[in-house]
Amino acid sequence: MPWHHPKYSMVIKRRVGHEAALPYDGGMWTHDHEGFRVVQLPALRDNYIYLILPQDQASCLVVDPATAEPVIDACRQLKRRPTHVLNTHHHWDHTGANLALKQMFDCRIIGSIEDRKRIPGLDLAVCGRKPTTLGGLNIRIIETPGHTGGHIAYLIKDALFCGDTLFGAGCGRIFEGTAEQMWSSLKRLSTLPSSTRVYCAHEYTLANLDFAACVDEDNPKLSMRIKQARARRKSGLPTVPSTLSLELETNPFLRVLDHEFRKHYAVQHGISADETSVFARLRKQKDAF
Ligand code: ZN
Ligand code: FE
């Protein structure tokens with residue numbers, strides 16, 4: 001089991017010590033949406049696992065279970081039984097508890113058809129074309145390759161579960177795809193309503209904002225976000241979820257959509273000012289940051 005792994009025992013110990021000072025409600029934060037509630041659970045060093053609780057039901061959906069313990073604890077407290085696990089991609093910090101949860105709750109594992117050989121316990125392989133209904137909730141699947149070849153995002157009304165594609169003020173590293181692919185994935189997400197809440201899979205926002213500050217110095221909305229994010233982390237609160245509108249205004253990778261930003265960056269770096277070139281260069285710069 002991942003939480004017994006010697007590599008993580010230190011991380012867990014540090015988390016426990018840290019958590020004691022946090023205003024936790026049993027180790028979780030909740031966010032209300034129309035018809036469902038999202039419960040946010042911290043896991044490992046900086047992962048978030050999400051439980052989606054449809055109204056008036058005893059079931060829940062689990063997004064990207066890195067480890068089983070927080071999920072089992074939360075389900076016990078909330079008196080909910082997971083019926084499905086939704087994986088955004090195959091990496092272990094998103095699928096580590098698939099088998100344990102399946103064994104314990106007999107739930108079904110959902111993931112991209114591209115990842116059918118790499119997601120532990122996969123039962124239902126999906127692609128971007130077919131929306132599904134689970135727990136009475138309509139779930140849209142958005143293909144977002146780039147971080148991995150089979151990365152997908154799940155959209156439930158105004159809640160976007162985007163795994164390691166779009167982060168608070170950042171985006172995922174390109175491990176299996178190309179910069180072109182990653183850019184078109186981010187662009188696809190950028191066209192959702194700006195009120196969409198962005199539930200990404202990691203608390204990377206502060207580090208991402210450090211980078212953003214270096215490439216987008218004159219953005220007053222960015223300075224404001226940095227202040228707010230630092231204050232939240234100082235009080236032990238998550239910076240996630242954010243909203244798509246905040247990401248459009250302050251996430252350097254989505255700022256590529258802004259003509260002035262793009263032109264300025266392209267001139268500074270002596271590159272062409274087309275979206276893909278600027279995005280690819282920014283991603284490269286961030287990798288070395
Ligand atoms: Zn990943
Ligand atoms: Fe991850």
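Side chains included, hydrogens not; waters and symmetry mates left out as well; all remaining heavy atoms used. As the structure lists them, so they are numbered: ligands from 1, and atoms in each ligand from 1.
Atoms NE2 of His94 and OD2 of Asp164, as seen from the Fe ion (ligand 2), are separated by an angle of 90°, to the nearest 10°. In this structure, NE2 of His89 and OD2 of Asp164 enclose an angle of 100° at the Zn ion (ligand 1), rounded to 10°.
Looking at His91, its N, O or S atom nearest to the Zn ion (ligand 1) turns out to be ND1. The N, O or S atom of Asp93 lying closest to the Fe ion (ligand 2) is OD2.
For the atom pair CG of Leu101 and OG1 of Thr95, the computed distance is 11.0 Å after rounding to the nearest 0.5 Å. The line from CG of Leu237 to CD of Glu203 is 10.0 Å long, rounded to the nearest 0.5 Å. Atom NZ of Lys157 sits about 11.5 Å away from atom CD1 of Ile139, to the nearest 0.5 Å.
At a threshold of 2.8 Å, the Fe ion (ligand 2) has a backbone or side-chain N, O or S atom of His202 nearer than that distance. Put simply, His147 gets within reach of the Zn ion (ligand 1), with an N, O or S atom under 2.8 Å from it. Not one N/O/S atom of His89, from backbone or side chain, sits under 2.8 Å from the Fe ion (ligand 2).
The pair Glu249-Arg225 does not count as a salt bridge, with every side-chain nitrogen at least 4.0 angstrom from each carboxylate oxygen.
Just one residue in the list Gln285, Lys284, Arg283 forms a side chain to side chain donor-acceptor pair (under 3.5 Å) with Asp287, and that residue is Arg283.
Around the CZ atom of Arg37, the shell of radius 6.0 Å holds no more than 12 heavy atoms that belong to other residues, nucleotides or ligands.
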